[in-house]
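One structure below.
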Amino acid sequence: MSFFKNIFGSSEDEISKSKVNWITLNDINQLDEIVAESKFKPVVIFKHSTSCSISRMALKGFERDFDLDDEVLVYFLDLLNFRDVSNKIASMFDVRHQSPQILIIKDGISIYNASHENIDVAILKEKL
């Protein structure tokens, strides 16, 4: 198992080394909090698969370019460990599940979502 952890890492490894002020999303009940918070400040949800190299590349690019800490709250979802939360996000915000994927939640609804190579902080800034 440590061989795969060395290659792919774990969600704790990935978010602890980041300059992004991640909020860990690991409970379905947090989605109600996200809806409430989004009425005061936009919320970004980053859905990440720890076993996918494409997801890792998207995450690293996002973290490298991210400079919106004062403008948004940013949640990190390890969707392999919390698949139920990922499924609830898809149904609650009426988006098709993808990985990697970001969503912008504003006023309780998803106003934008992107996946794979379309995860781009410059586009995120335009949508805010």
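Taking 4.5 Å as the limit, every side-chain heavy atom of I104 sits out of range of all side-chain heavy atoms of V43. Counting heavy atoms from C-beta on, the side chains of I89 and L31 come closer than 4.5 Å. Residues V44 and L73 form no side-chain contact, since every pair of their non-hydrogen atoms from C-beta on lies 4.5 Å or further apart. A heavy-atom distance below 4.5 Å is not found between the side chains of V74 and I23. Within the 4.5 Å cutoff, the side chain of L128 has heavy atoms near those of the V72 side chain. No side-chain heavy atom of P42 sits less than 4.5 Å from a side-chain heavy atom of I105. Looking at heavy atoms from C-beta onward, N81 lies out of side-chain contact with N26 at the 4.5 angstrom threshold.
Distance CD/Q30 to CG/L25: 5.0 Å, rounded to 0.5 Å. Remark: K47 NZ to L59 CG distance equals 14.5 Å, nearest 0.5 Å. Interatomic distance, OG of S51 versus CG of D78, reported as 9.0 Å (0.5 Å rounding). Once rounded to the nearest 0.5 Å, the distance linking NZ of K127 with CD1 of I102 reads 10.5 Å. With rounding to the nearest 0.5 angstrom, the CZ atom of R83 is 5.5 Å from the OG atom of S86.
Using the six-membered ring where Trp is involved, W22 and F76 have ring planes that are perpendicular, over 60° apart on the 30 and 60° scheme.
F46 and A58 make their closest contact through CZ-C, 4.0 Å (heavy atoms, listed as atom of the first residue, atom of the second, distance).
Annotation: side-chain contact (heavy atoms from CB on, under 4.5 Å) contacts of N21 (sequence neighbours excluded): D69. The side-chain contact (heavy atoms from CB on, under 4.5 Å) check on D32 picks up M92, with sequence neighbours excluded. Scanning for ring-ring contact (aromatic ring centres under 6.0 Å, His included) contacts around F66 gives F62, with sequence neighbours left out. Evaluation of the salt bridge (charged side-chain N to carboxylate O under 4.0 Å, His left out) rule for K41 yields no partner, not counting sequence neighbours. The salt bridge (charged side-chain N to carboxylate O under 4.0 Å, His left out) check on D84 picks up nothing, with sequence neighbours excluded.
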Check residues 109-117 and write down every donor-acceptor pair under 3.5 Å in which the side-chain atom is one partner and the other belongs to a residue at least two apart or another chain.
{"unit_1": "S110", "atom_1": "OG", "unit_2": "Y112", "atom_2": "O", "d": "3.4"}
{"unit_1": "S115", "atom_1": "OG", "unit_2": "Q98", "atom_2": "OE1", "d": "2.7"}
{"unit_1": "H116", "atom_1": "NE2", "unit_2": "S99", "atom_2": "O", "d": "3.1"}

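The backbone N or O of C52 sits nowhere less than 3.5 Å from a side-chain atom of S55 that would complete a donor-acceptor pair. Between the side chain of Q101 and the backbone N or O of R96, at least one donor-acceptor pair lies under 3.5 Å.
Looking at D67 and K19, no side-chain N of the basic residue comes within less than 4.0 Å of a carboxylate O on the acidic one, giving no salt bridge.
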**Asked** Would N118 and I123 count as a side-chain contact (heavy atoms from CB on, under 4.5 Å) if you check the C-alpha gap in whole Å, the side-chain angles of each, and the deciding distance to 0.1 Å?
**Response** CA-CA 8 Å; N118 294 320; I123 295 171; 5.7 Å; no
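Considering I119, D120, V121 as possible partners of D65, the one that fulfils the side chain to side chain contact (heavy atoms under 4.5 Å, CB included) test is V121.
Residue D107 qualifies as enclosed at atom CG: its count of foreign heavy atoms under 6.0 Å is above 12.
With no hydrogens or angles considered, no side-chain donor-acceptor pair links Y75 and E33 at under 3.5 Å. For K106 and S38, the side-chain atoms include no donor-acceptor pair closer than 3.5 Å.
Transitive grouping of hydrophobic side chains (ILVMFWY, heavy atoms separated by less than 4.5 Å) brings I28 and L79 into a common cluster.
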